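See below for the structure under consideration.
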Amino acid sequence: MKLLIAYIQPDKLTPLRELLSKLEVFRYSISDGFGHSEEKGFFERYRGVELDVDLMKKIRLEIALNDEYVSKVVDAMLAGGKDGSLGDGKIFVLPIEETYRLSTGESGPVAIG
Amino acid sequence: MKLLIAYIQPDKLTPLRELLSKLEVFRYSISDGFGHSEEKGFFERYRGVELDVDLMKKIRLEIALNDEYVSKVVDAMLAGGKDGSLGDGKIFVLPIEETYRLSTGESGPVAIG
Amino acid sequence: MKLLIAYIQPDKLTPLRELLSKLEVFRYSISDGFGHSEEKGFFERYRGVELDVDLMKKIRLEIALNDEYVSKVVDAMLAGGKDGSLGDGKIFVLPIEETYRLSTGESGPVAIG
Amino acid sequence: MQDNMNVMWTLIATILVFFMQAGFALVELGLTRSKNAINIIMKNLMDFAIGSLSFFVFGFGLMFGKSNGLFGTEDFFLSGVSGNSWDYTFIIFQTVFAGTAATIVSGAMAERTRFGSYLIISFFITTFIYPIAGSWSWGSLHHGNGFLENLGTGAFIDFAGSTVVHSMGGWLALTGAAILGPRIGKYTIDGKIRAIPGHNIPFAALGVFILWFCWFGFNAGSTTVADFSIGRIAFITNLSAVSGVVSSLILTQLLYKVPDASMTLNGALAGLVGITAGCNHVTPVGAIIIGLVAGILVVLSITFVENKLKIDDPVGAVSVHGVCGAWGTIAVGLFAAEKTLGVGDKDLGLFYSGSFSQLFSQLIGFGVYFTWSIVTGFILFTLVKKFRGIRVSEEYERLGLDITEHQAEAYYETK
Amino acid sequence: MQDNMNVMWTLIATILVFFMQAGFALVELGLTRSKNAINIIMKNLMDFAIGSLSFFVFGFGLMFGKSNGLFGTEDFFLSGVSGNSWDYTFIIFQTVFAGTAATIVSGAMAERTRFGSYLIISFFITTFIYPIAGSWSWGSLHHGNGFLENLGTGAFIDFAGSTVVHSMGGWLALTGAAILGPRIGKYTIDGKIRAIPGHNIPFAALGVFILWFCWFGFNAGSTTVADFSIGRIAFITNLSAVSGVVSSLILTQLLYKVPDASMTLNGALAGLVGITAGCNHVTPVGAIIIGLVAGILVVLSITFVENKLKIDDPVGAVSVHGVCGAWGTIAVGLFAAEKTLGVGDKDLGLFYSGSFSQLFSQLIGFGVYFTWSIVTGFILFTLVKKFRGIRVSEEYERLGLDITEHQAEAYYETK
Amino acid sequence: MQDNMNVMWTLIATILVFFMQAGFALVELGLTRSKNAINIIMKNLMDFAIGSLSFFVFGFGLMFGKSNGLFGTEDFFLSGVSGNSWDYTFIIFQTVFAGTAATIVSGAMAERTRFGSYLIISFFITTFIYPIAGSWSWGSLHHGNGFLENLGTGAFIDFAGSTVVHSMGGWLALTGAAILGPRIGKYTIDGKIRAIPGHNIPFAALGVFILWFCWFGFNAGSTTVADFSIGRIAFITNLSAVSGVVSSLILTQLLYKVPDASMTLNGALAGLVGITAGCNHVTPVGAIIIGLVAGILVVLSITFVENKLKIDDPVGAVSVHGVCGAWGTIAVGLFAAEKTLGVGDKDLGLFYSGSFSQLFSQLIGFGVYFTWSIVTGFILFTLVKKFRGIRVSEEYERLGLDITEHQAEAYYETK
Ligand SMILES: Nc1ncnc2c1ncn2[C@@H]1O[C@H](COP(=O)(O)OP(=O)(O)O)[C@@H](O)[C@H]1O
Ligand SMILES: Nc1ncnc2c1ncn2[C@@H]1O[C@H](COP(=O)(O)OP(=O)(O)O)[C@@H](O)[C@H]1O
Ligand SMILES: Nc1ncnc2c1ncn2[C@@H]1O[C@H](COP(=O)(O)OP(=O)(O)O)[C@@H](O)[C@H]1O
């Protein structure tokens, strides 16, 4: 079981969700984040004073996947990245030692859902 | 040392915090998140146009625990899940290789606190 | 490749970012969080009724680093913690099994950037 | 007889009192949670819409038509009015006052009332409960004549409506909130109180400033005559409002060691409600005392209602409008000083004339309206509760009324 | 001849109509996304600023100067006015009306219009399109004389501007929104509509309350005379507004099973726009019917414009101001009842007099203003599109106009 | 002698000027961080509450009582007033002006001033500093007589208070902000400026619209007489406001390549403050020039105060009220054209009469008020700083004044 953490551009969330549903991945979580990277920030000005905004709004995605799904999802996202439909972003894959479903107490791959 | 990542329903945060304090777990972090799963979304309508809201507000909990605490906390949460006091949700357990306390520089299990 | 998760006080974000840029670490992500620990909460009162606010606003930092950078960053942060420039906080180090850069499809340490 | 200038002044006052709908909506919305913001807006909007129509068709006649002693019996649909008659200005002026009384109730019933049931309640308040009781004190302003206007011990004085509008609204709110029961999470199992903070205090503050701005029209407009007295009334009104702010600030500093914003804002409203009955009858010093007492009363009353009566009133409508409205009414019997002010031939207030008779009339008035509101309120809320249910389900209350009853979100952020 | 009291009443009305700028800004801002909030504020601010100056220099003369039959030819720069003349009050009164017409257009063009191009469009509207057409109906209020005022079948009646201000604004908004094209994401490739919810409904609701508050000045102020009629006009205006609220609530309950907040708020505006033309001519019952119809029309029209015409109008400006403005204008030909009201020697409305002549004049007026607005609008928008471009780039639209065109954020949270 | 209509007009103006408290509160709140929103509300609320009471007890007498040449000596507690006297209207009218002067200071001292110390400062401003200086220019409006009203070179003209209210507020704000020192993080160690953006620009914009709406009452109400001149004054006021918007927009476009919203909003206020002194004395073209200059001055001054004087003024109070107030005062000496306007027997302005005498009086007035404000301000702030401390601790400032000084949060989201 792996935990996929992905940072993507906010307006690319909808294309990504469509991609995931095509892969029949229906469980994921997202939260608002800010990212800093080589990406050029915004130039803002407040009452005449320059303001360098170099923290870009990002969507942070967490998808817990069973091993056989991982490469399927990653490859699909990289394809989306290449053809520009998903824009820039980063994916980190971390190991999950155990998963539990609160409502039923199930654990292991079946709890990933 | 393990990192417990849990997604729960927003109004179940208070019962969960009471459960944790009973287990003398006083250090955890939370953040706002949105989850997508089999859970039925909300039907909204804006100026006559249907709007399918299928990203549900969730609370994302992160609790770093020393190994001997992990099963104690997980079992208590699963019990809470069964009797409905904690509602639906998911728990992921990830390995922590090292922990540091910023104020004192301590590392390892003692830094978990 | 390691994932560094750090919780710090909101007004210490700027000093931390300066520290990271000195170490030539230019890629990281942040999000808003709330933390609970031994730290004394706030006493609030709303229309005469006491309100114990013990969830403190925190900044949650995620920095994916190649192994050789990990200790450099951790040591610098702990130094900042000791001299008070970074205030209190916690750092967790987790293993990353794989990293991908969406725009180019690169993977492994080179994708960390 | 009315002339062009009185029409203009009364209409300007009407326009200001209309804008109180925005003030009340912002106060309620700011002092409750964001998941119910749209529901609050809809209740305030419908309060006024239904109120205006039912008052034109029925309420106005009941309140100001030729009275059978208990209520008016003519002037429904403003029948018999033709040409550019004063009656048009008078009915729109009275309509916005009726709307104010109804909207006070919505604050106390916030976050847990079924929308449909609320519309029914609001309809009955503006069509029957308010106009009938209103005719007893203000009937003679038009074709009616209320028994409270002819009390042996001196006519009941409620110049702009401390009792007729505010106390009545406050006691109805009390009954409604009591029958509805507290919001989920307000009281722990062992009866301890949990605070449920409002989501936008700046909105609530803007609401209080708007109400204060419009209150000059509410009080000084009630002369329906543009003469020198309107300046005096506005000055007296302001003195009581600022005194309410100062005394509630000092009291919260003493009780809680810090100046509490939401209570001080309530202090301003308390001062305004308190002076409404006597604004044309009391001296500047009298106004200051009335305001100071109102500011203290509101803070104590909010705590009393919440702790002792165990009634959950999210915006303090019961204390601000009910309790301070009653205080304002009784204060007329104490502080009325027409002769001292040089605007009347004798002082009616106890402190000036030593006579208890006006105070007696004021107490009668207070008792009549208190009983009427509690009784009719109890009947109305219980009937609606029986036939249609008054409270939303627990699930709806948890998710918030916006999503469940209106399928909408107040603050939508595109994900 | 004007006297002190008429000057005071007209100025008070002017001050109220000025405040509609805040109302429109809040409605537009609340019903669009937070990334464009500052752009909306700047468009509303500049609408009024440029409008005031260009109206003083040029527009006022075109609209109210001695007319050559098509437009005024004198009184530019308010030349020849000296001493404490009525003209000063009259020009500021007409300025705030011109500002209202211009700002209606900004709502329909929200979230995707280049700021510079919008300023040019707004300049031409307040300097040429509005004044020239306005002179045809209101010229005689000053030195001009419009042909619509001398129609054989009876002068075209638009008491406060259902057509002159609102419909014209609405049809210009229609052309602008059509030429601009929909926002990105509004329509899927296969033409299905996607909702783009506003970020702050409480702001939009406060905007509607402010507009309703100021509309009493808009309608009752258009007498420019402080007599008993202003009370009647205010009462009639309110009846139509509340009827619009009620009918739109009922319709949304039927169509969508729930009372829809944003549509009910539009219902209030629909009722207000609908009664503007006939507020001095119709009976209370007439006002209620006009309001009820307006409340239904606005809901149907918003859906029609979005689904059938595929025009993306974020705030419903086309429906609220265009469609309901037209309905209000035509309704005068149906419901005008001066004799029944006792304020005129004969009833002009079809339902009262059985004669079609006034209705005919109203239809002519509607047709003239519809054609004028669509044609001049089409020319203006196409020229600006050709020479300077009217729409921001896709990238700018995604990031939001605040960051890209103003280098600022509306809601900044220190990170 | 005053009559009913003048009482009505002056009271309507009073009600509008009262509502400026809401405008100022929203501007300050919108241009500062959300962690200090409640503190801003409390400061604005208490400004007015303490101001009203102290002005009634003491300030009014000092400003308008029989003067000993320096300040008034009678009419404390409005003693000797009886019946429906004009004095009631006059005192509430002057009270809301005093409140405006005091609340200007709170903007410049935002986000770092101890609440208790601020109340003391505000008390002394409304009780001594403002009334004494006010009596020098406006004493003769009642029983007093100020020396500035009898200058050899012609009475000092400040029709509605560019100097008496705004400049005085601005210079006191300057001293306060200077003695307080900048907010933490405003200046880096090497003196570079860091922007501290406001958390809600829409609130600030609504505040500016409200101020503009009320300013018609502020200027046109200062006639305290309802005659034809109020229309002229309102028209002139609006021309200057819109010119301030246009010139600040153009200047920010040139300086920063983009139209800056917060500066353009300040441009509107600059135009309003600038015209306040001469609104009854200048021509339309004069008003436009005064506004254009004000719009430029405010942008340059905000940058100057921040960069050169190293004074941290979060809302630009020093520039908008101090600098533009001074400009407005001096502009009267340049543009006053009573004869040209046909409202006076001779033109006083240099550009019309070629005489420097009125300009000289205006400069004297400017100098007197500048010195008085800086000196009394310096003494007041230093004394309060010494005895009680004026600034909150660094920890309090980091956490925000809402949590620390009021134990409350402005925007509470239930966790
Ligand atoms: N090493 C990293 N650690 C944490 N977050 C990262 C890292 N690299 C990228 N991110 C996140 O991913 C987002 C997109 O990164 P991107 O600009 O595509 O990275 P790169 O420049 O390496 O291609 C960033 O804004 C940031 O939020
Ligand atoms: N595989 C997953 N990956 C990421 N988040 C998940 C996953 N499964 C569940 N979640 C999170 O947990 C929340 C609750 O999940 P729940 O509906 O109880 O899952 P399930 O339907 O599998 O029981 C979801 O809303 C989502 O935020
Ligand atoms: N064991 C833990 N699990 C999750 N989060 C933690 C843990 N310990 C600390 N944190 C996070 O780090 C923040 C700062 O912790 P701090 O008070 O410095 O911890 P400690 O008291 O152990 O030194 C906390 O507010 C919380 O957000």
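What you are looking at is a predicted structure, and each value in this text was computed from that prediction instead of being measured. Note: hydrogens, waters and symmetry copies are ignored here, and every other heavy atom, side chains too, is used.
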*For B:D52 and B:F43, what are the C-alpha separation, side-chain angles and deciding distance, and is it a side-chain contact (heavy atoms from CB on, under 4.5 Å)?*
CA-CA 5 Å; B:D52 201 0; B:F43 178 74; 5.6 Å; no
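Residue contact with chain C, scored on non-hydrogen atoms closer than 4.5 Å, involves the side chain of B:L3 exclusively. In this structure, the portion of C:V74 lying under 4.5 Å from any heavy atom of chain B is its side chain and not its backbone. Residue contact with chain B, scored on non-hydrogen atoms closer than 4.5 Å, involves the backbone and the side chain of C:F92 alike. Only the side chain of C:I8 comes within contact range of chain B, with heavy atoms under 4.5 Å apart. Only the backbone of B:T104 comes within less than 4.5 Å of a heavy atom of chain C; no side-chain atom from C-beta onward does. Both the backbone and the side chain of C:K82 come within contact range of chain B, each with at least one heavy atom under 4.5 Å from a heavy atom of that chain.
Minimum heavy-atom separation, B:D88 to B:Q9: N-NE2, 3.5 Å.
Comparing C:M77, C:K58, C:E38 by how many heavy-atom pairs each has under 4.5 Å with chain B, the most go to C:E38.
Here the side chain of B:H36 pairs a donor or acceptor atom with the backbone of B:D54 at under 3.5 angstrom. For the pair C:D67 (side chain) and C:M1 (backbone), a donor-acceptor distance under 3.5 Å is present. Side chain of C:E98 to backbone of C:G108: a donor-acceptor contact under 3.5 angstrom is found.
A donor-acceptor contact closer than 3.5 angstrom is absent between the side chains of B:Y69 and B:E24.
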